[in-house]
Amino acid sequence: MSEENKNQDYAADNIQVLEGLEAVRKRPAMYIGDVGVKGLHHLVYEVVDNSIDEALAGHCDTIDVYINENNSITVKDNGRGIPTAMHTKEKRSALEVVMTVLHAGGKFDKDTYKVSGGLHGVGVSCVNALSKDLSVIVEREGKKFQQEYKIGKPQYDVKEIGTSERTGTEVTFLPDDSIFEELVYNYDTLAARMRELSFLNKGIVINLTDLRNEDEEGKHIFDRFHSERGLKEFAEYLDRNRESLISDVIYFEGEKDGIPVEVALTYNTSYTENIQAYVNNINTYEGGTHLSGFRRGLTNTLKKYATDSGMLAKEKVEIEGDDFREGLTAVLSVKVQEPQFEGQTKTKLGNREVTAPVSQGVSQMLSNYLEEHPNEAKTIVQKVILAAKARQAARKAREMVQRKNVMSGSGLPGKLADCSSKDPAESEIYLVEGDSAGGTAKQGRDRFFQAIMPLRGKILNVEKAMQHKIFENEEIKNIYTALGVRVGTEEDPRALNMEKLRYHKVIIMCDADVDGSHIETLILTFFFRYMKELIEKGYIYIATPPLYQVKKGQKSGYAWDDTQRDVLIQEMKGSGSESSVGVQRYKGLGEMNAEQLWETTMNPEHRTLRQVTIENPAECDQVFSMLMGDEVPPRRAFIERNAKYANIDS
């Protein structure tokens with residue numbers, strides 16, 4: 001396609017306008033999820049999505065993202081450039097329409113973009129509305145154009161500022177500090193998403209540069225994300241900290257009924273399932289019709305092979321769909337022209353026409369692979385049979401837990417000090433490290449809405465344990481029983497059933513030392529692997545007890561970090577010396593009395609709780625497998641990079 005034709009295909013009148021921007025600043029959370037860390041980073045994804053759309057349409061292969069020194073962001077691509085000509089209907093530059101009108105863009109014109117991502121297409125205009133300052137520079141048709149905005153309002157008409165031989169769009173924006181609670185960008189969060197996008201759109205180069213920080217050589221922090229093998233490489237990346245069961249990544253790419261489908265899957269020796277499903281580059285956390293199609297294709301094909309091969313006849317075990325998913329790592333990506341998403345945040349696909357193409361694609365891919373690789377096929381089926389036996393053992397273990405509950409009256413663990421409220425929305429439970437701290441917490445709590453359950457020592461590392469061993473573990477049984485949850489719903493026998501959940505705040509409270517952090521990580525691994533729904537609902541929190549008590553005479557205060565401690569020391573010493581101020585470093589919760597623990601860590605008016613959220617499921621999965629799995633070198637590298645307690649407990 002000639003350059004002239006490319007630009008004709010994407011012109012001012014391809015921009016369709018649906019509504020204005022007024023609502024965005026009034027209710028920003030409706031459009032970007034929230035106004036905290038997640039929403040802040042979502043602004044970047046929206047702008048990058050525009051460049052990715054250009055890439056999907058075949059007009060862009062390089063995207064540069066910069067975190068500038070003042071925490072503004074610059075996104076630059078080599079696409080066609082947003083049209084700048086006069087928009088016939090709006091009587092102003094098409095660039096200004098795109099930047100200032102909600103739901104205005106080429107993605108609503110089927111002839112411009114066949115498929116596109118973005119948060120319900122609110123796109124770059126939404127970013128503009130929530131930015132203190134925004135500048136856009138467009139290079140196209142041999143010219144360079146610019147327009148600048150403040151909180152979404154143009155400061156002048158689009159103007160020509162020079163000539164250019166290249167094409168593309170460059171957007172620089174500074175988030176509005178009157179809207180966002182957090183204004184500092186996290187490099188690792190952005191890097192995880194850029195890496196994900198490079199796997200999902202093979203061939204594209206995404207460069208990420210942090211102009212705020214330098215490495216040991218004095219160069220700015222920089223990563224180049226580029227994948228030639230796409231989802232195959234993504235599956236290998238997700239599985240790199242696990243022991244492979246088969247040496248290959250099974251791969252399919254094709255178009256079924258007009259829907260492009262790409263799938264990569266492999267098996268490892270772990271007991272957990274890791275399926276990442278995407279629609280138009282958006283991770284659909286809650287699944288949907290494409291995931292149903294994947295599971296149907298996987299189960300039917302493997303079950304047919306296992307039956308035809310005669311391997312099942314030798315085993316006295318009934319195989320279920322779940323058994324095919326143990327140790328499975330898979331990435332599924334579909335491109336849908338008019339996706340119907342359930343929910344504001346695009347987390348569940350509703351298009352029924354997608355199920356069959358995905359199922360057919362997976363069946364075709366797997367059938368070919370199993371036929372051509374009989375040894376690997378046998379290994380996979382043996383893993384499935386082992387999973388079925390483990391599932392039966394796990395069911396018996398779960399039934400024992402539930403039977404024990406019925407036999408023991410209330411069914412609640414003996415160590416649980418329950419609250420008197422029966423309303424889950426106002427009730428909270430503290431999972432406390434150790435009986436000693438648990439006793440202090442029981443004395444200090446508000447009995448009306450706060451329940452306390454002490455945990456003895458370090459709970460089981462579920463990353464390395466078979467499922468029936470998990471349900472036989474006393475501490476984990478107590479957590480299930482205390483929370484009132486069980487395994488299995490009508491839709492999914494593996495999902496968490498929360499119908500009788502007793503608390504909407506589950507608070508992990510551990511010592512502020514290495515052991516405490518380890519216990520915290522073990523508990524979070526358990527929740528991520530077996531009660532992920534609680535995290536997704538926003539019910540899991542981490543308590544933050546103070547690190548120091550600073551005291552002089554009758555005056556005392558608490559500090560959660562070294563800076564706060566130093567400020568308190570300076571305030572209390574007055575004209576005296578620092579040695580006149582006493583500083584106590586709390587290494588354990590048990591060092592505080594009940595009143596202190598209530599005042600600093602449990603009183604809703606003064607405490608700080610950190611809510612646990614899943615920003616990037618794929619990244620979370622590989623971090624947990626790296627931290628809690630068998631591979632030592634990647635864990636050592638991670639600890640060295642993030643060493644927090646290196647000098648504290650030496």
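Only this structure's heavy atoms are used, side chains among them; waters, hydrogens and symmetry mates stay out. One is the number of the first residue; the rest follow in order along the sequence.
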Between [atom1] of [X] and [atom2] of [Y], what distance do you get to the nearest 0.5 Å?
X    : Y    : atom1 : atom2 : value
F527 : E536 : CZ    : CD    : 13.5 Å
E214 : H220 : CD    : NE2   : 5.5 Å
D49  : L197 : CG    : CG    : 6.5 Å

Practice prompt. Go through N268 and N274 one step at a time and tell me if the side-chain contact (heavy atoms from CB on, under 4.5 Å) criterion holds.
Written response: CA-CA 10 Å; N268 56 61; N274 179 19; over 6 Å; no

Worksheet item: Under the side-chain contact (heavy atoms from CB on, under 4.5 Å) criterion, do E54 and N50 qualify, and how do the steps go?
Response: CA-CA 7 Å; E54 276 289 272; N50 273 9; over 6 Å; no

Please confirm whether the backbone N or O of [Y] pairs with a side-chain atom of [X], one donor and one acceptor, at under 3.5 Å?
X    : Y    : answer
N68  : N70  : no
N368 : Q364 : yes
D257 : I259 : no
T544 : T608 : yes
R240 : Y237 : yes
S125 : V101 : yes
N78  : G168 : no
N128 : T100 : no
S93  : T84  : yes
R25  : A129 : yes

Discussion item. Show, in sequence, the C-alpha distance, side-chain angles and deciding distance for S333 and E262, and conclude whether the side-chain hydrogen bond (donor to acceptor under 3.5 Å, both in side chains) test is met.
Written reply: CA-CA 5 Å; S333 176; E262 193 179 357; 5.0 Å; no

Presence of salt bridge, [Y] and [X], under 4.0 angstrom:
X    : Y    : value
R325 : E273 : yes
R529 : D621 : yes
R193 : E619 : no
K219 : E217 : yes
K150 : D133 : yes

Practice prompt. Check the pair S135, Q146 against side-chain hydrogen bond (donor to acceptor under 3.5 Å, both in side chains), reporting the backbone distance first and the verdict last.
Written response: CA-CA 7 Å; S135 163; Q146 183 177 23; 3.2 Å; yes

Taking atom types as modelled, is there a side-chain donor on [X] or [Y] under 3.5 Å from an acceptor on the other?
X    : Y    : result
N241 : Q622 : yes
N281 : N201 : yes
T329 : T266 : no
E139 : T167 : no

Discussion item. If you count every heavy atom of other residues, nucleotides or ligands that lies below 6.0 Å from E160 atom CD, does the total exceed 12?
Written reply: yes

Worksheet item: Take atom CZ in R166; do more than 12 heavy atoms of anything else shown fall under 6.0 Å from it?
Response: yes

Worksheet item: Is there a side-chain hydrogen bond (donor to acceptor under 3.5 Å, both in side chains) between E148 and Y156 once you walk through the steps?
Response: CA-CA 7 Å; E148 292 177 305; Y156 48 79; 3.1 Å; yes

Fill in: Worked verdict on L366 versus L302 for side-chain contact (heavy atoms from CB on, under 4.5 Å)
CA-CA 8 Å; L366 264 180; L302 276 175; 4.3 Å; yes

Worksheet item: Checking side-chain hydrogen bond (donor to acceptor under 3.5 Å, both in side chains) for the pair Q147/D157: CA distance, chi angles, key distance, verdict?
Response: CA-CA 7 Å; Q147 190 170 32; D157 290 340; 5.2 Å; no

Worksheet item: Among T355, N351, T284, which one satisfies side-chain hydrogen bond (donor to acceptor under 3.5 Å, both in side chains) with H290?
Response: T284

Item to complete: May I ask you to decide if the ring planes of H41 and Y185 are parallel, tilted or perpendicular, using 30° and 60° as cut-offs?
Response: perpendicular

Item to complete: Carefully, step by step, assess R195 and D223 under the rule salt bridge (charged side-chain N to carboxylate O under 4.0 Å, His left out).
Response: CA-CA 9 Å; R195 182 185 295 110; D223 275 296; 5.7 Å; no

Worksheet entry | Check: Y541 and V612 side chains under 4.5 Å, non-hydrogen atoms | no

Worksheet entry | Side-chain heavy atoms of Q276 within contact of N283, under 4.5 Å | yes

Item to complete: Kindly confirm or rule out a cation-pi arrangement of K537 over Y539, judged by NZ or CZ under 6.0 Å from the six-membered ring centre and within 45° of its axis?
Response: no

Sequence neighbours left out, cut at 3.5 Å: what donor-acceptor pairs do the side chains of residues 202-211 make with other protein atoms?
from	atom 1	to	atom 2	distance (Å)
K202	NZ	Y251	OH	3.2
K202	NZ	E253	OE1	2.9
N207	ND2	D64	OD1	2.8
D210	OD1	R212	N	2.9
D210	OD1	R212	NE	2.9
D210	OD2	R212	NH2	3.0
D210	OD2	N213	ND2	3.1

Discussion item. Evaluate K76 against E170 for salt bridge (charged side-chain N to carboxylate O under 4.0 Å, His left out), listing each step before the verdict.
Written reply: CA-CA 4 Å; K76 189 175 184 178; E170 178 183 321; 3.7 Å; yes

Item to complete: Let me see the working for S227 and E233 under side-chain contact (heavy atoms from CB on, under 4.5 Å), right down to the final yes or no.
Response: CA-CA 7 Å; S227 173; E233 224 169 317; 2.8 Å; yes

